[in-house]
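The structure appears right after this line, and notes come after that.
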Amino acid sequence: MQYNPQLIEKKWQNFWNDNRSFETDSDTTKEKKYILSMFPYPSGRIHMGHVRNYSIGDAFARYYRQNNYNVLHPIGWDSFGMPAENAAIKNKVHPKKWTYENIAYMEKELGSLGFSFSQERKFATSDELYTKFEQEFLIDMFDKGIMYRKKGHLNWCPNDLTVLANEQVIDGKCWRCDTEIVQKEMFQYYLKISDYTQELLDDLEQLKEGWPSQVITMQENWIGKSTGLEFDLHFSDESKAKLKNEFESFDVFTTRPDTIYGVTYSALAPEHPIVNHMLKENLLDDDSATKIKAMQRVGARDRAQAEKEGVALNIEVIHPLTGKSIPVWVANFVLTDYGSGAVMAVPAHDDRDFDFATKYNLDIKAVIKPKDGELDSSKAYTEVGVLFDSEEFNGENSATVRQKIMDHFEAKEIGKKVINFRLKDWGISRQRYWGAPLPLIHCDSCGIVPEKKENLPVGLPDDVVIDGEGNPLEKHESWKKCKCSKCGADATRETDTVDTFIQSSWYFLQYVASNPKKVFTKEDVAYWMGVDHYVGGIEHAILHLLYSRFFTKVLRDLGYVDLDEPFKKLLTQGMVLKDGSKMSKSKGNTVDPDSLIEKYGADTARMFILFAAPPTQELEWNDQGVEGSYKFLRRFSEKSENAVAQETLPKIDHSALSKDEKFARKKVYEALQRSNEVFSERYTFNTMIAGVMEAMNALNTQSNSDVWSEGYWVLLSVMEPIAPHLCWELSENLFKRNNLSKIEVLEEVFSADSVAMGVSINGKARAQIEVGVNDDKETILAIAKEAGSKWLENKEIIKEIVVPNKLVNFVVKG
RNA sequence: GCGGAUGUGGUGAAAUUGGUAUACACGCCAGACUUAGGAUCUGGUGCCUCACGGCGUGGAGGUUCAAGUCCUCUCAUCCGCACCA
């Protein structure tokens, strides 16, 4: 058949639409597969990353459908977020209009690729229904204290009057107007992810089977658990008086209690309450106060780059074990939001403390030395060693003594063992319009109360002014006005909307809803969750995947689901590159999917993208490679003329076939076998496609029409997940599509009378032999000796090794 | 600095358990058909060598009858985190 992708692709896309071909089966006794590619943001047009993402997911979905699974393969739109609002500011388009027009256009693009998505379960997260369900969860979270409000330090742009996310601050300036960002303390809503850190860490264990190890590691590091000692450092009486008796002591945390006798100073973060107290009460000289204020102005990001700097506060604390007095400093390298924002400093055994002590000429006191060898006093010794100058702990191993010292502190009730996490509570407030409003009400007498559930959703007003200055909701007086849900008095709505990561933290649950107009039920979740294959970019390794895991656990505890982890298997796809770097508009190295499809068709695009590299690896774009995929599909189409139309798999007497015919059948079933392996464990679609090509090459060397027909019966089924349009067309014409289903691997084609083996001498390949499959070891050795006689002459054979079906190795001497 | 990944022909890449390294494709070369070919088909194609043969999976060692695969060290590139006490 002449290959005309434009014609057949349109034809089958219409067929699939008209026949609702990819909806789920309501029979829940069937075994299920939930195949999900991460949903897209409706930016305007699809790019190659999308094509790769959905081609991988679609291959899984189609494969499992052929193998009689009940397959859920949904898609939707992650449609809240800043770009819509930025477009509104720039082009005066309403965010809603911009978003939904983009969705319509991109749906057309995705449609032209022939992906087998469920159409009935589709939604956009900016749909009011989705917001309604989400607001119910948020109200429950607020009631249970999982969502709370507190003051936090935030990036604030004084020109645009809005909070910015960390990634929107570039070199300390607003990404849009270039204004210097200030740290502003304001009220924010948070989700208590800190209640779940230990579980999020522990449950990574059950994901190790199905998730890439690097993602597990990244999450472990991000959660950042550390165990150590927390204790108070008490001020001397003199210092207490100097601080006007406002402070008795402050907390420090250390993971190195073994170095406790080496503490020579203590350091506070510039934002520490004691520092602020001293500034406020004018307890510092002008010069010191100025320096500290300058430190406070530097953002966290720049501080990490800056040189170590400090100011002596001229106050002192008492060492908890030795009773000696220790000076207190302010240091720019002490983190405000980790631990208590204060540290004990051990310059002899910590690089940072060493640098600081050297710069300011502070005491350095070593208390650990190497087991053998001398202590090098020109730098900090941070390895494990033996304690000295440490009173009762002298001679102990520094690693094992940590527990003992912590026990000692606990026994004396001057400190305790604590676990610290790097992961902080999730700040979810955004002072933005295009997001889901927090369903909360501020009432003068009742405080902050949730909206009544029957009044949900709290939707967005359409008539807003979006000019990039401040939160449009804040300026919308009539929208803000409401009644208190508790006492009925006049009240105002909360104007913060939520982080869009909230929407993507549960969208995969709403897809399982058997009635898409209602929120998912426990039964839906019990049948469909977890996601069997989750496909997406590695860039979501931390945020999205961690938030989704957290949200799932919260919904479990709120009684919505019986589920601990949402994603069983995760496949992180590699980037699509051109000329060695990531495709991007600014580099001008993009390839437009639309024009590719127009020129070669969707099947070629899908095939190339799966053939050029394994899915987890980076993919280097190559126009000639695309051409190659197209040529293969054209040949695949044209050669189908060798097959004969029929409705069942032809029966073939294998023993009556010629060598080439036997070989062709073997290659065909090898391709099928490889396809089963690839989908169940390896995901290397490139090798699966190579197998189909090999089978085609082998079919071409013979002309038995039964072998051809059987070959097409099998290969069309194997290729269908990759190039569905062509395969449906050929299957329809040849086999009434009876072959697009589970096909058993025919073992008989793998049996052979003889097998090729290699002969090597001293491990060096020398000859090839052909032996009978039933030949015993002696016969094989005899044949091998004959073949290798040239290299065995006048040599003594010391050892003979026969690896059945593979090779014979002679070890010789002389 | 810490953590992770990758390194194989001219190129993208195969090699599933330690067992004939380079499957499949791109490119290139030659030939056929052709007025012509950037179409199609056939054959060839790791490197050195006229050949015999030798060398060859980033590099150096090691284990083994046998190493791309296992071990030790090392180099390069990429990614993530980065003063987390």
Side-chain angles (χ1 to χ4, degrees), chain A residues 212-218 220-222 224-226 228-229 252-257 259 267 300-301 303-308 331-335 337-346 349-353 355-356 420-424 538-539 541-542 574-575 577 580-581 608 611-614 616-629 631-632 634-635 638 674 677-678 681-682 684 686-697 700 756-769 797-812:
Chain A
S213 59
Q214 41 171 337
V215 176
I216 304 260
T217 311
M218 283 165 84
E220 279 170 357
N221 293 343
W222 191 262
K225 179 179 178 172
S226 60
L229 176 69
V252 292
F253 172 74
T254 179
T255 54
R256 293 293 306 275
T259 64
R301 217 159 258 229
R303 225 179 271 189
Q305 314 288 335
E307 205 196 318
K308 290 193 175 37
N332 65 343
F333 68 89
V334 178
L335 301 174
D337 52 6
Y338 187 76
S340 55
V343 296
M344 67 175 214
V346 186
H349 305 295
D350 182 282
D351 292 322
R352 298 157 299 183
D353 298 346
D355 291 349
F356 192 81
N420 242 312
F421 290 96
R422 183 180 170 276
L423 182 64
K424 293 283 168 270
I538 185 85
E539 65 272 22
I542 295 173
M575 283 190 306
L577 310 179
S581 61
F608 171 73
F611 181 59
T616 53
Q617 238 171 78
E618 289 178 339
L619 186 152
E620 175 68 32
W621 195 263
N622 178 343
D623 290 329
Q624 282 165 325
V626 177
E627 188 82 29
S629 292
K631 284 179 189 170
F632 173 80
R634 191 174 58 198
R635 271 199 310 277
E638 287 167 0
R674 197 180 294 183
E677 274 169 26
V678 162
E681 46 199 305
R682 304 209 290 138
T684 47
N686 54 329
T687 63
M688 182 187 120
I689 295 167
V692 173
M693 290 172 166
E694 283 179 57
M696 274 303 285
N697 291 346
N700 256 319
M757 289 177 72
V759 178
S760 55
I761 319 287
N762 287 344
K764 204 166 280 294
R766 290 298 186 188
Q768 279 246 339
I769 55 172
I797 298 177
I798 303 168
K799 202 166 177 183
E800 296 165 336
I801 294 134
V802 178
V803 184
N805 302 325
K806 301 270 183 184
L807 59 69
V808 179
N809 187 26
F810 295 110
V811 184
V812 302

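Throughout, a chain's letter reflects where its sequence line sits, starting with A, and its residues are numbered from 1. Just so it is clear, the values below take in all heavy atoms, side chains as well, and ignore hydrogens, waters and symmetry mates.
- On the nucleic acid side, RNA chain B contacts chain A at distances under 4.0 Å to non-hydrogen atoms, with the end points of that region at B:G3 to B:A85.
- At a threshold of 4.0 angstrom between heavy atoms, the contacts of A:Gln768 include nucleobase atoms, whether or not backbone atoms are also involved.
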Trace of the side-chain contact (heavy atoms from CB on, under 4.5 Å) decision for A:Ile689 with A:Met693: CA-CA 6 Å; A:Ile689 295 167; A:Met693 290 172 166; 4.2 Å; yes
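- A:Ala756 comes within contact range of at least one nucleobase, with a heavy-atom separation under 4.0 Å.
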Full working for side-chain contact (heavy atoms from CB on, under 4.5 Å) between A:Phe632 and A:Met696: CA-CA 10 Å; A:Phe632 173 80; A:Met696 274 303 285; 3.9 Å; yes
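- With both pairing distances under 3.5 Å, B:A5 is matched to B:U77 as a Watson-Crick or G-U wobble pair.
- Nucleotides B:A15 and B:A85, compared at atom P, are 41 Å apart to the nearest Å.
- Among the heavy atoms of the strands lying under 4.0 Å from A:Lys764 are primed sugar atoms or P, OP1, OP2 only; no base atom is included.
- Straight-line distance between the C1' atoms of B:C48 and B:C81: roughly 47 Å, to the nearest whole Å.
- Across all strands shown, B:A14 forms no Watson-Crick or G-U wobble pair with both distances under 3.5 Å.
- B:G58 sits 16 Å from B:U16 when the P atoms are compared, rounded to a whole Å.
- For B:A36, there is no paired base (Watson-Crick or G-U wobble, both distances below 3.5 Å).
- At the heavy-atom level, A:Lys424 lies nowhere under 4.0 Å from the strands shown.
- B:U22 sits 9 Å from B:A13 when the C1' atoms are compared, rounded to a whole Å.
- Here A:Arg674 pairs with nothing under the salt bridge (Lys or Arg N to Asp or Glu O under 4.0 Å) rule; sequence neighbours left out.
- Within the 4.0 angstrom heavy-atom criterion, no nucleotide atom of any strand lies near A:Asp355.
- With sequence neighbours excluded, the residues that form a salt bridge (Lys or Arg N to Asp or Glu O under 4.0 Å) with A:Arg352 are A:Asp350.
- Atom P of B:G37 sits at a distance of 12 Å from the matching atom of B:A32, rounded to the whole Å.
- As judged by a 4.0 angstrom heavy-atom cut-off over every strand, A:Arg634 is placed among residues touching the sugar-phosphate backbone only.
- Checking B:A67 for Watson-Crick or G-U wobble geometry (two distances, each under 3.5 Å) identifies no partner in any strand.
- In this structure, A:Glu677 and A:Gly763 both approach RNA chain B, and ranking their closest nucleotides by distance from the 5' end singles out A:Glu677.
- Distance check on atom C1': B:G31 versus B:C24 gives 24 Å, rounded to whole Å.
- A:Asn622 meets the side-chain hydrogen bond (donor to acceptor under 3.5 Å, both in side chains) test with no other residue; sequence neighbours excluded.
- At the heavy-atom level, A:Asn686 lies under 4.0 Å from the strands shown only through sugar-phosphate atoms.
- Pair assignment for B:G27 gives B:U45, based on Watson-Crick or G-U wobble hydrogen-bonding distances that are each under 3.5 Å.
- Nucleic acid contact for A:Ser760: none, since no nucleic acid atom lies under 4.0 Å from a heavy atom of the residue.
- As rounded to the nearest Å, B:G9 and B:G68 have C1' atoms that lie 14 Å from one another.
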Table please: side-chain donor-acceptor pairs of residues 797-807 of chain A below 3.5 Å, with sequence neighbours left out.
{"unit_1": "A:Glu800", "atom_1": "OE2", "unit_2": "A:Lys785", "atom_2": "NZ", "d": "2.9"}

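- For the ring-ring contact (aromatic ring centres under 6.0 Å, His included) test, residues two or more places apart in sequence or in another chain that qualify with A:Phe608 are A:Trp621.
- Syn is the glycosidic conformation of B:G9, whose angle stays within 90° of 0.
- When all heavy atoms of A:Arg422 and A:Tyr338 are compared, the closest pair comes out as CA-CE1, 4.0 Å.
- Judged by a 6.0 Å distance limit and a 45° cone about the ring axis, A:Lys308 is not positioned over the six-membered ring of A:Phe356.
- When Watson-Crick and G-U wobble pairs are counted only if both distances are under 3.5 Å, B:G56 pairs with no nucleotide at all.
- RNA chain B is contacted by both A:Phe611 and A:Glu307; A:Phe611 maps to the nucleotide lying nearer its 5′ end (nearest heavy atom per residue).
- Nucleic acid contact class of A:Val334 (heavy atoms, under 4.0 Å, all strands): base.
- Between B:U17 and B:U11, the distance separating the two P atoms is 28 Å to the nearest Å.
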